[in-house]
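Here is the structure we will look at.
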Amino acid sequence: MPAPLPRSNAALAARDLAVLWHPCTQMHDHETLPLLPIVRAEGVWLFDADGGRYLDAVSSWWTNVFGHRHPRIVAALKRQLDTLDHVMLAGFTHEPALELAEALVALAPPGLARVFYADNGSSAIEVALKMSFHYWRNLGRGAKQRFIALSGSYHGETLGALSVTDVPLYRDTYSPLLLQPLFAPSPDTYLAEPGETAAEVATRRLAELRALLEQHAEETCAVIVEPLVQCAGGMRMYDPSYLRGLRALCDEFDVHLIADEIAVGFGRTGTLFACEQGGITPDFLCLSKGLTGGTLPLSAVVTTEAVYAAFYAEYASGKAFLHSHSYTGNALACRAALATLELFRDEPVLARNRELAAVLARELDALRDHPQVGDVRQTGLIAAVELVRDRATREPFPAAERRGLRVYRHGLAHEMLLRPLGNVVYFMPPYVIEPGQIAAMIRVARDGIAAAVG
Ligand SMILES: *Cc1c(COP(=O)(O)O)cnc(C)c1O
C-alpha cells in the first residue's frame with residue numbers, strides 16, 4: 001500500500017493550488033494569503049487540517065442557517081440516499097420535490113402557487129427573468145423586453161443575473177455581453193440626505209422609480225429587487241415601506257415584481273421572508289442559499305397561478321417554458337430543504353433569532369463610536385459596519401488598500417471567519433450561534449478593524 005498523503009494545511013493547500021481555480025478570487029493572492037483546507041465542520045465551527053478552528057460568522061456565504069451538519073438534516077439526507085438519489089424531473093416526479101413545493105407554497109406570501117426548481121441562485125434569477133419576459137410575450141405584449149433593477153443590486157454571476165447586478169467589480173468587465181436594464185436609485189438608507197429618515201428615503205426613491213416607469217413601463221417586463229437588504233452590494237439596508245410602494249407601482253404600471261430573497265429568505269431578516277415586512281406578494285419569489293440549510297445546491301422560483309396559466313396551452317401554441325437544468329429538483333437537495341423547513345416548523349427559530357438580533361445590537365455598540373466606522377446597521381441577523389477614512393465626511397478608504405482583507409486575516413488568526421465586502425465588515429452568523437459567541441465575533445471584528453485602519 002502506498003503511504004497516505006500528508007493531511008496538513010500546507011500539504012492540502014499545495015495540492016489544491018496545483019489544480020484548482022477558486023471562485024471570487026484573484027489566485028495570485030494565495031502567494032501570500034494562506035488557503036485554508038477545512039476537513040470537518042460542526043455547528044458554527046469549521047476545523048482545518050492542522051487542528052485550527054474558525055467560527056463561521058458569514059454562514060459559509062450565507063447558506064448555512066442552522067449550523068454545519070445539523071443532525072436532523074444529516075439524518076434526512078442519509079435516509080433519502082437509501083431510496084432515491086436523483087431522477088430527471090421532466091416526465092417524472094418524486095415525493096421530495098412535490099412535498100417541498102407544497103411546503104413552499106404554504107409558507108410563501110399569499111397568492112404564490114407554483115414552484116419551478118433550478119440548482120443555484122443565479123439560475124433562479126435566469127428563470128424569473130425569462131419567465132417574466134415570456135409571460136408578456138405569451139400575452140401578445142412582446143414589446144416588454146427590459147428589466148429595471150436597483151443601483152447597488154446583486155443578483156448573481158451568470159450573464160442574465162449579472163446584467164441586473166450593479167456591482168462594478170463583478171459587472172464592468174463583462175458589460176459588452178450583458179442585457180441593458182434600467183437602474184433605478186436604491187432606497188439604501190446609507191445614502192440618506194442629512195436629517196432624512198429611512199422612510200423618507202424610500203418615498204423619494206419611489207418617486208424616482210415612478211418617473212422611470214412613466215417613461216419605460218411599455219418596454220419593461222419586471223422590476224427586480226433584493227427585499228430589505230442589498231447584500232453583496234455592501235449590506236445596504238432600506239425601509240420596508242419601499243416594498244409596499246414598489247408593489248403598488250408595479251401593479252399600476254403593469255410590470256412584474258421579482259423578489260430575490262436568495263440571501264434574505266428563511267428567517268434572516270426577522271421574518272421567514274423579507275417581503276412579509278412590506279406586506280407584499282411578489283410575482284416571482286427567488287429562493288436558494290438557506291433553502292437546504294447550506295448542505296446542497298438548490299433553488300426555487302415561486303410564482304402565481306396567473307403566470308403559470310399564461311404558459312398553459314396546446315403544445316403547438318409554442319407557449320411552454322422549455323427551460324431546464326439537469327439537476328432540476330434533485331431529490332437529495334429537496335430532502336435537505338424539507339428537513340430545513342421542518343426545523344422552522346418544530347423550533348421557535350424566528351423568536352430565537354429576534355433574541356439573538358437584540359444581543360447583536362447590544363454588542364455592536366462597541367463599534368459605533370470608532371473614528372473609522374462611518375455606519376453601523378442591522379436588519380435581523382445581518383449586521384454591517386462601514387469602514388471609512390473620515391467619519392465626518394464618510395470618505396471611503398480607497399478599494400486598492402484592501403482594508404477589509406486585513407480584517408479577514410485578523411479574524412482567521414483569532415478563530416473567526418469574517419469575510420468583508422470591500423470596506424464593509426459584516427456579520428451573518430448561523431442561527432445556532434450562542435450569545436457569548438456573538439460577543440466574541442464583535443470583539444474580534446473590533447480588534448481587526450483597529451489593526452486594519454491603523
Ligand atoms: C448569492 C446570491 C445570488 C446568486 O446565487 P448563487 O447561488 O451564488 O448563484 C443571487 N441573488 C442574491 C441576492 C444573492 O445573495
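We number each residue from 1, following the sequence as shown. First listed ligand is number 1; within each ligand, the first listed atom is number 1.
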>> Between H325 and N120, is there a side-chain donor-acceptor contact under 3.5 Å, judged purely by atom types and distance?
In response: no

> Under the criterion ring pair (Phe, Tyr, Trp, His ring centres under 6.0 Å), which of F66, F266, W62 is the partner of Y431?
Replying inline: F66

> Looking at A263, which atoms of ligand 1 are within less than 4.0 Å of one of its heavy atoms?
Replying inline: 15 (O)

> Is there any N or O on E226 that sits under 3.5 Å from an N or O of ligand 1?
Replying inline: no

>> Are I382 and Y426 packed together at the side-chain level, in the sense that at least one heavy-atom pair is separated by less than 4.5 angstrom?
In response: no

> For ligand 1, which part of C231 has a heavy atom less than 4.0 Å away: the side chain, the backbone, both, or neither?
Replying inline: neither

>> Would R352 and E347 count as a salt bridge (Lys or Arg N to Asp or Glu O under 4.0 Å) here? Give the steps.
In response: CA-CA 9 Å; R352 181 175 147 82; E347 294 179 9; over 6 Å; no

> For atom 8 (O) of ligand 1, is the nearest protein heavy atom closer than 4.0 Å?
Replying inline: no

>> Is it the case that the side chains of S60 and N64 hold a donor-acceptor pair, with the cut-off being a distance below 3.5 Å and no angle test?
In response: no

>> What protein heavy atom lies closest to atom 2 (C) of ligand 1? Include the residue and the distance to one decimal.
In response: K289 NZ, 2.5 Å

> Which atoms of ligand 1 have any heavy atom of H155 under 4.0 Å away?
Replying inline: 10 (C), 11 (N)

>> At less than 4.0 angstrom from any non-hydrogen atom of S122, what atoms of ligand 1 do you find?
In response: 4 (C), 5 (O), 6 (P), 9 (O)

> What's the shortest distance from atom 12 (C) of ligand 1 to any protein heavy atom, and which residue and atom give it?
Replying inline: D260 OD2, 3.3 Å

> Can an N or O of W62 be found at a distance shorter than 3.5 Å from an N or O of ligand 1?
Replying inline: no

> Does the N or O separation between G121 and ligand 1 drop below 3.5 Å for any pair?
Replying inline: yes

>> Are the side chains of M416 and L55 in contact, using a 4.5 Å heavy-atom criterion?
In response: yes

>> For the residue pair R205 and Y242, would you count it as a cation-pi contact if the rule is NZ or CZ under 6.0 angstrom from the ring centre and within 45 degrees of the ring axis?
In response: no

